[in-house]
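Order of the sequence lines sets the chain letters (A, B, ...), proteins ahead of strands, with each chain counted from 1. Hydrogens, waters and symmetry mates play no part in the numbers below; they use all other heavy atoms, side chains included.
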2 protein chains.
Amino acid sequence: MTSASPRPNLAIAAYRQLKRDIIRGVYAPGEKLRMSHLKERYALGVGPMREALSQLVGERLVTAVSQRGYRVAEMSIEELESLYDARAELEGLVLELAIARGGDDWEAGIVAKAHALAKVAEVHSAEDMLDVWDTRHQAFHSAIAAGCDSPHLLQARTWLFDQAERYRHLWLCQTVFSAEALDAKRQEHAALTDAILARDTPTARAMMREHLMSPVPIIKEVMQQR
Amino acid sequence: MTSASPRPNLAIAAYRQLKRDIIRGVYAPGEKLRMSHLKERYALGVGPMREALSQLVGERLVTAVSQRGYRVAEMSIEELESLYDARAELEGLVLELAIARGGDDWEAGIVAKAHALAKVAEVHSAEDMLDVWDTRHQAFHSAIAAGCDSPHLLQARTWLFDQAERYRHLWLCQTVFSAEALDAKRQEHAALTDAILARDTPTARAMMREHLMSPVPIIKEVMQQR
DNA sequence: TATGCTGAAAATATCTACATTTTCGCTAAA
DNA sequence: TTTAGCGAAAATGTAGATATTTTCAGCATA
């Protein structure tokens, strides 16, 4: 989603921080984002701040009503289900194309990332786990998707991913600190890798769909507790 | 991509005009968008202008380099092929889901829009043709896609569509004013409608893919003439 | 004579501060 | 209990100041 800039300007820096804070839950869904508060928190003028907020409106993480300011986008069970369904279907399509189009480099990439992901528990402390596991988990799935050889499908995938990241964060906190959950995921990843390397499209696609939808009930529970 | 606002502010108005101008080719691909010129042309200050440009950067219609201003995004044969390939694959997925999930209302919508599209030539003058045909053509395809019952897949579809609109505009000008091309399209739409109503997923999906990819050679020719 | 380098000047992007318009919350009266 | 009015707060837009980039003329060198 971001291009490498030699020196990011203030608007881009604000965009990154604000996006991170929204995903991390620093601001509650539906909360009003007052300019005076944002100006103080990020030490910026209104110009760059409005630019950052505009970008986030485009990504559906913030909503804007003319003359009435900006708010953090709402979260709902309906959106959760629609979003994860869309992600699962798109990821299935990308996977099918990747199996059809991917070469040896693609396979090697998957094996490498799967290995790194499987070994993550042995190497790092509990505190670093969340960030490290998430990073390697994303890298694993990105390696699979990369084989579809379609930059624009990958863009669409990233776009849906960003929209889901607030929900995903709820799931991450529940999963990463549970040894059983992590082990279950490790087995799913291994089976998925096997099916992909065997180029078994129907099996791999079904497994991928199930793998992506499995967090939904867990996230639902967390959301209903609030 | 846009939500209905009771009173759009200047930034949104500027965004709409600028986007329209870029798609219509008022600015050449790669052209530098100087603030002084934009301010004069749209009679606005730099604040709203920067906001509008930020939105367009998010949609990949404009590129920005920090401290070096904004430029109209480049166009290339490579992007054309990647974009149309992604669109065709995504539309195929959406169609498959729509056939699986769509009900009677969905079928009725398709038949209605197909009818309106088929009759467009008899009703309107040559000058209005481009706008009217394009509007009804989009409505026809949107009616098909709507059956997938996934707002977020439809959002992704719209997003890819917006990115392709500059290329599509080149094709439209070549097609709408050719009686044979219009007739060929009419037959494709009729056959597609039949396959969909028969719920013949493999046939419909293949036809949709071919239908969406058919403009590519024509656009390539137009682009190479420049 | 052609080519590459240096430095100043112009142009441009970016940011902060201020003015204007609109909205929201509170109080009081019907 | 509802509604009208008042004041504070917030959002939007404009203008000007600052820093960066780009351009180009002049000079040295091959």
Output yes when a side-chain donor or acceptor of [X] lies under 3.5 Å from a complementary backbone atom of [Y], and no otherwise.
X	Y	answer
Ser54(A)	Gln55(B)	no
His137(A)	Trp133(A)	no
Arg60(B)	Ala73(B)	no

### Query
Where the side chain of Gln67(B) is concerned, which of dT21(D), dC15(C), dA17(C) is the nearest nucleotide?
dT21(D)
### Query
Asn9(A) side chain: which of dT14(D), dT14(C), dT22(D) is closest?
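Per side-chain heavy atoms of Asn9(A), the pick is dT14(C).
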### Query
Between Glu59(B) and Tyr15(B), does any side-chain donor sit less than 3.5 Å from a side-chain acceptor?
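Yes.
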#### Entry: Distance-only donor-acceptor check, side chains Tyr70(A) and Glu31(A), under 3.5 Å
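Per modelled atom types, Tyr70(A) and Glu31(A) side chains form no pair under 3.5 Å.
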Rounded interatomic separation in angstrom, taking [atom1] from [X] and [atom2] from [N]:
X	N	atom1	atom2	answer
Leu10(B)	dT22(C)	CG	P	12 Å
Lys39(B)	dT14(D)	NZ	C1'	9 Å
Ile12(A)	dT14(C)	CD1	C1'	12 Å
Arg71(A)	dA11(D)	CZ	P	10 Å
Tyr70(A)	dT23(C)	OH	C1'	16 Å
Tyr15(A)	dC15(C)	OH	C1'	21 Å

### Query
Which pair of non-hydrogen atoms, one from Ser76(B) and one from Tyr167(B), has the smallest distance, and what is that distance?
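Where Ser76(B) meets Tyr167(B) most closely, the heavy atoms are N-OH, 3.1 Å.
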### Task
Specify the closest pair of heavy atoms between Ala116(B) and Arg136(B), including all atoms of both residues, with the distance to one decimal.
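So the two residues come closest at O-NH1, 2.9 Å.
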### Query
Does anything in residues 47-56 of chain B reach DNA chain C, meaning a heavy atom under 4.0 Å, and if so which residues?
Arg50(B)
### Message
Heavy atoms within less than 4.0 Å of DNA chain C: which residues of residues 26-37 of chain B have one? Give them sorted by number.
### Response
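Residues of residues 26-37 of chain B under 4.0 Å from DNA chain C: Leu33(B), Arg34(B), Met35(B).
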### Query
If you measure from NE2 on His211(B) to NE2 on His189(B), what distance do you get to the nearest 0.5 Å?
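Rounded to the nearest 0.5 Å, the NE2-NE2 separation comes out at 3.0 Å.
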### Task
Show your working on salt bridge (Lys or Arg N to Asp or Glu O under 4.0 Å) between Arg101(B) and Asp85(A) and close with a plain yes or no.
CA-CA 13 Å; Arg101(B) 299 177 181 178; Asp85(A) 175 60; 3.2 Å; yes
